[in-house]
Amino acid sequence: MYAIEFNNVWKKFQKGEKAHSLRDGIPMFFKNMFSGNKESRELSEEEFWAVKNVDFRVKKGEVLGIIGPNGAGKSTILKLLSRIMKPTKGTFKIQGRLSALIEVTAGFHPEFTGRENIYFNGSVLGMSRKEIDARFNEIVEFSGVGDFIDTPVKRYSSGMSARLGFAIAAHVNPDVLLVDEVLSVGDMTFQAKCTAKMRELLNSGVTIIFISHNIPLVQSLCERVILLNKGEILKQGDPDEVIPYYENLVNAIREGELKRSLDDEDPRLEVKDRILIRIPDVTVSDESGIVKENFKSTESLRICIDYQAWEKIINPIFIINVVRSDGVICFACNTLDDNYAIESIEGEGRMEIRIKAPKLGPNVYYVKTYIMDRDMIHPYAIAKKGVFTIDTIKTIDKANAVLRVDSIWSHQKKK
Amino acid sequence: MNTLSELINYRGLLLAFIQRNIKIKYKQTVMGFMWAIFMPIMIVISGIIVRNAMAMLSGKTVNFAEIASVSVKSLPWAFFIGALKFSVGSLVSNMNILKKIYFPRVIFPLSYILGQLFDFIIAGVAFSIILALAHIGGSIHLLWLPVLVIFLILFTAGCGLILSCGNLFYRDVKYIVDVVLTFAIFFTPVFYDAATFGRWESLLLLNPIGALLENINAVVVLHQAPNFFWLTYSGVWGFGLFFAGWFIFHKAEPSFADKI
């Protein structure tokens, strides 16, 4: 018995703002009206598939997570399920009452008081007047709005109205619940309440589709996960199996972005009166010297710095910082501290650093290289190059820590 | 009819929307619901002034029946333009809800029209009392009034459905409607009688609202039977436009969220 059946659904979207002119629009309107819904699979230039042949089933009481990078089509699927949009092709079936925890304040009217909005928004979400009456106190208490219940919502803080919105939506008691990134409402106390409410709903046997970028939460709440990318299902199954794919996908996107931004940045850093030395390239390779971009956490690294010096530089100092994509310097080394004295450099050459298994956490990194004068005051050249990724293998590192250390646990009981 | 039974399932929500629209209209006003009576009173007063001015120019005097007919025709007219003004933009102004939550979209325009009907009824009751006190009297022909009002509602709803849906695709519709409604009073026999125009009378009555207003005037003020030709004419318009509007609206409904 399936609560949701989603059969080979396609959804086409339009790019750009272009509205049809009246001259094209009116004949098209009448054509559509009398020819019924005969949308083709073909795309015109301004169109793209937001959802491409997506097919899945959800059992009654199951909790399904949908994850994927931005623009993967997650929210579109929710919009299709909640019947706000109609699929271009394909069909779907839902058993029972459906409710969505999506932008919970959408139905609010700013002129209405909290009380009036509970009644109005409640009925928009599909509750009858009786049901609202019965749960009114519970909703007010959950929201923590308290004495402000008879104040117009336009005078609420954004947090207050969001809390009230969530409180209403969470008390609808549906058979199928769609959740899209709403658990980040309010302060810590309220978030804890939300998560507790979610767990309560989970245990009550409601079928839930949960969309979030909060991977640890998806992992702890969902029994099954679908990974979407560019409108297609990339993988589905057990969270522990699917989430590493997601993290690698996100890292690949991050790596691409990082490379592009570093490339854009470079010329600006090199603008000097007189360029003495340049760093044309920094490469990262594994122990055997094979240049690559994806590494395991336990692999040793070799970082090669190519330089090009137009004049003789006496006693230069080489510094590398390995920087995580969010700007954290994870480790650094320099020739001075490592007691590697260089008499002078001139012309082209290559400097190599071997790093023994740095055990970095899964993420994207780049190497920031400096060539400094002997007093470490004046940089001759700076380069941000050598982007590499540490892959996720298992779903570990929930904390997004810099390092993965070898740890051994033990346990004793005190007498 | 599938769409109708769905709307019936959602009648609670339709009611909630009507309540919301009525309440919102008079929020943060001093007079509150009294506006539902004051607005038509102001239209009636301006109608009486216009009527007097016209009479003065042509050297006649205004009798009481004429003043009564101006008031009786002003109310349905106020309902018609009020309902259209609010319903035309109803889908676009509720974009937030429309893009987030599903329910039959006809609720948007219909709730504004029915909300306006509430004002119409309040004003209607108030005016009936005034007219009764002024000994306007009644006749068996008053029984035609509900029929005429139903035609008026159907015609207004038909316009509202088509225009609100048109406005979603092309925002020009709202501006066009604004302009047309501003000048429509000149082409509709509200402040004057169609009969004043002699042989051009029929031309004025081709406007279904004009035909309805004249018949309402006939049954309420003149104690006559309605003109059956124009009654049928406006009935055909009312039902025809309503069903056309219903059909067009539901045909276009699936693409609302995409095209808004």
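Bear in mind the structure is a predicted one, so any value in this text is a computation, not a measurement. Side chains are part of it too, since the values below use all heavy atoms of this structure and drop only hydrogens, waters and symmetry mates.
For chain A, the option among B:Ile24, B:Leu15, B:Ile97 with the highest count of heavy-atom pairs below 4.5 Å is B:Ile24. In terms of non-hydrogen atom pairs under 4.5 Å with chain B, the most contact-rich of A:Met127, A:Glu116, A:Arg129 is A:Glu116. Here B:Ala257 is the residue among B:Ser255, B:Ala257, B:Gly12 with the most heavy-atom pairs under 4.5 Å with chain A.
With a 4.5 angstrom heavy-atom cutoff, B:Glu253 does not touch chain A via any of its atoms. At a 4.5 Å heavy-atom cutoff, the contact between B:Lys27 and chain A is made by side-chain atoms alone. Proximity to chain A (any heavy atom under 4.5 Å) is restricted, for B:Leu98, to the backbone atoms N, CA, C and O. Within the 4.5 angstrom heavy-atom criterion, no atom of B:Phe256 approaches chain A.
Between B:Tyr233 and B:Trp237, the two ring planes are perpendicular [angle over 60°; tilted spans 30° to 60°].
Between A:Arg57 and A:Asn7, the shortest heavy-atom distance links the atoms NH2-OD1, 2.5 Å.
The pair B:Lys100-A:Asp180 does not count as a salt bridge, with every side-chain nitrogen at least 4.0 angstrom from each carboxylate oxygen. Ion pair A:Asp133/A:Arg135 not flagged as a salt bridge, since none of the NZ, NE, NH1 or NH2 atoms sits closer than 4.0 Å to an Asp/Glu carboxylate oxygen.
For B:Phe17 and B:Phe103, the gap between ring centers is short of 6.0 Å.
Looking only at side-chain heavy atoms (C-beta outward), B:Leu213 and B:Phe80 stay at 4.5 Å or farther from each other.
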